[in-house]
Structure formats: C-alpha cells, structure tokens
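Below, chains carry the letters A, B, ... as their sequence lines are ordered, and counting in each starts from 1.
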Number of protein chains: 2
Amino acid sequence: MSEECKAETALDILVGKWKPVILFHIFHKGTLRFSELQRLIPEISKKMLTTQLRELEYHDIIHRKVYAQVPPKVEYSITEYGKSIAPLMNSMHEWGLAHVKHLQEIYGEEALEKRSK
Amino acid sequence: MSEECKAETALDILVGKWKPVILFHIFHKGTLRFSELQRLIPEISKKMLTTQLRELEYHDIIHRKVYAQVPPKVEYSITEYGKSIAPLMNSMHEWGLAHVKHLQEIYGEEALEKRSK
DNA sequence: CCGGATCCTTTCTGATACTG
DNA sequence: CAGTATCAGAAAGGATCCGG
C-alpha cells in the first residue's frame with residue numbers, strides 16, 4: 001500500500017463506525033454540544049463519542065470549543081478546512097444509496113439485513 | 001444513523017484495511033490471480049486476502065472465476081457494476097493526498113508516522 | 001454537564017498447519 | 001494453487017465509576 005493508494009488515508013479518517021453520522025449531524029446543524037450529539041445518536045456510548053470526536057479534531061475536521069463555566073459546555077463545529085470533505089461525503093452517500101438498490105436487485109429484498117458481507 | 005446517512009454503506013464496503021489496495025491492483029491490472037495478489041501485497045495473509053475478496057465478491061464489485069483444472073487457478077476481475085466505484089475511489093484518493101499535506105502543514109513533517117489519530 | 005480512566009467483552013487479524 | 005481450519009494475540013467497542 002502506501003504510495004499508490006491514498007484512498008486509505010481518506011478512509012482512515014472517515015472510518016470508525018460513528019464518524020459519518022457524527023459528521024452528518026454537525027454538518028447539518030452547524031454547531032452541536034456533546035450532550036446534543038448523544039441525544040441525536042442514542043446508540044453511541046460516551047466513550048465512543050469522545051474518542052471519535054477527538055480523532056476528527058486531530059484531523060482538523062471539527063473544532064472543539066470549551067466554555068470555562070459551570071456546568072461545563074463544549075461545542076463542536078466543522079472547521080473551515082473540514083468543509084472540504086462535504087463533497088466526498090455526498091459522493092459516498094449517493095453511491096451508498098445506489099448500492100443498496102443494486103444489492104436488492106441482486107439478492108432481493110429479504111437479504112437486506114443479513115449484512116453477511 | 002440509517003436513513004439519513006448512506007455514506008456508511010459505501011464505507012462498509014470499502015473498509016477492511018485491505019480492500020482499497022486490493023481494488024487498486026485489480027483495477028490497475030484488470031485481472032489477477034490469487035497468488036499474484038499475494039505477491040503484490042506481501043503483508044496480507046492468505047486468510048485476510050480470501051475474506052476481503054469474498055466480501056467484495058458478495059457486493060458484486062469483483063468477479064471470481066474458477067478454472068476447473070489442476071493445479072487450480074482462480075482469477076479476480078472488476079465487474080461491470082464494480083466499475084461504478086472508480087470515481088469514488090479516485091475522489092477519496094485525491095482527498096487523501098490533499099489531507100496528508102494539510103496535516104503536515106499543521107503538525108509538521110515529523111508527526112507523520114505517529115498516526116495517533 | 002462533559003468527558004477522563006478502568007475494566008471487561010467482543011470482534012478482528014495474524015501465524016501456522018492441513019486439504020482437494 | 002488456492003484455499004479452509006484452528007488457535008492465539010491484538011484491537012475495537014461497551015459499561016461503569018469518578019472528577020472538575
């Protein structure tokens with residue numbers, strides 16, 4: 001790998017089982033608090049949310065603003081640079097939609113859930 | 001998740017630590033045998049290569065052609081449908097390249113390897 | 001209220017040996 | 001040659017407790 005295929009780099013950043021959803025919500029609402037994200041994504045654990053946000057922050061995709069106050073308040077937003085993945089996210093979204101249909105055509109409606117890969 | 005963000009679907013398919021490289025090679029050469037892939041990607045284990053290929057096959061991205069002969073011969077190639085991810089792969093590749101540069105600008109050359117995410 | 005630190009369970013990978 | 005089977009180690013994810 002390495003040289004030839006930097007698609008991996010992109011994937012590394014988007015991967016993590018929750019980053020797409022997190023990004024989706026932050027993109028959509030502009031700015032969100034930690035607790036708001038928890039509410040929007042009930043299935044995610046605190047730990048996961050924390051680590052995923054940290055990774056996105058490290059990659060300069062989102063910005064983390066801490067308000068020095070009690071009770072604490074932390075807001076997450078897309079960075080200027082972070083906006084550059086929007087087109088890519090959309091492309092993936094589009095392709096994903098089309099692919100779901102394609103799988104249906106091949107395997108039929110039932111096999112949808114199995115995800116046996 | 002689910003409804004809103006089908007980017008996950010796309011990610012599911014491309015993710016697997018080796019799929020991007022595998023696809024890269026198959027795209028590049030058109031058709032490859034199992035052993036050729038092993039040689040092109042020395043770090044991958046047989047097991048991994050097998051499972052990754054099977055997943056790609058399930059998703060109708062690649063085709064698996066078995067020759068009934070001794071010694072066995074199996075060739076993998078991109079399906080017609082599979083070609084539809086090419087643009088997406090390229091987009092990811094492009095963005096990945098740009099992102100590596102961006103990270104360098106932020107953290108400097110040294111921090112490249114750390115990948116502490 | 002936000003999220004760090006720990007512990008524990010589950011899933012994923014890798015190495016090795018074996019088969020048609 | 002192209003896998004499958006098995007087993008062990010690593011990594012990812014979840015649950016819980018704690019502190020500012």
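The distance between atom CD of B:Gln38 and atom C1' of D:dA2, rounded to the nearest whole Å, is 8 Å. In this structure, A:Glu55 atom CD and C:dG3 atom C1' are separated by 15 Å, rounded to whole Å. Across the protein-nucleic acid pair, A:Glu36 atom CD and C:dC2 atom C1' stand 13 Å apart, rounded to whole Å. In this structure, the CG atom of B:Leu53 is 16 Å from the C1' atom of C:dT13, given to the nearest Å. In this structure, CZ of A:Phe34 is placed 12 Å from P of C:dC1, rounded to the nearest angstrom. To the nearest angstrom, P of D:dC1 lies 16 Å from CZ of B:Arg64. Distance CD (A:Glu57) to C1' (C:dC2): 14 Å, rounded to an integer number of Å. Rounded to whole Å, the distance from CG on B:Leu49 to P on C:dG14 is 11 Å.
Within the nucleic acid shown, B:Lys73 comes within 4.0 Å of sugar-phosphate atoms alone, with no base atom in reach, counting heavy atoms only. Within the nucleic acid shown, A:Tyr76 comes within 4.0 Å of sugar-phosphate atoms alone, with no base atom in reach, counting heavy atoms only. When heavy atoms are screened at a 4.0 angstrom cut-off, B:Pro72 is found touching base atoms of the nucleic acid.
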Should B:Gln52 and B:Leu49 be marked as a side-chain contact (heavy atoms from CB on, under 4.5 Å) after you check the CA-CA gap, both sets of side-chain angles, and the distance that decides it? CA-CA 5 Å; B:Gln52 304 280 291; B:Leu49 184 52; 5.6 Å; no

Derivation and outcome, side-chain contact (heavy atoms from CB on, under 4.5 Å), residues A:Phe27 and A:Ile78: CA-CA 7 Å; A:Phe27 260 109; A:Ile78 300 289; 3.9 Å; yes

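Considering B:Arg64, B:His25, B:Arg33, B:Lys65 in turn, B:Arg64 is the only one that fulfils the side chain to side chain donor-acceptor pair (under 3.5 Å) rule with B:Tyr76.
The two atoms that bring B:Pro87 and B:Ser84 nearest to each other are CD-O, 3.4 Å, heavy atoms only. Across all non-hydrogen atoms, the minimal contact from A:Glu75 to A:Tyr67 is OE1-OH, 2.9 Å.
Residues A:Tyr81 and A:His59 bring no donor and acceptor atom of their side chains to less than 3.5 Å of each other.
At least one side-chain heavy atom of B:Ile26 sits under 4.5 Å from a side-chain heavy atom of B:Leu37.
Phosphate contact (OP1/OP2 of C:dC1, side-chain N/O of A:Ser35, threshold under 4.0 Å): absent. At D:dA2, one or more side-chain N or O atoms of B:Arg33 fall inside 4.0 Å of OP1 or OP2 (strictly under the cut-off).
Between A:Pro71 and B:Pro71, the residue anchored nearer the 5' end of DNA chain D, judged by the nucleotide with its closest heavy atom, is B:Pro71.
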Please list, pair by pair, any protein nitrogen or oxygen found under 3.5 Å from a nitrogen or oxygen in nucleotides 5-11 of chain D.
none

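Listed candidates were D:dT4, D:dA2, C:dG14. Nearest to the side chain of B:Thr50 is D:dT4.
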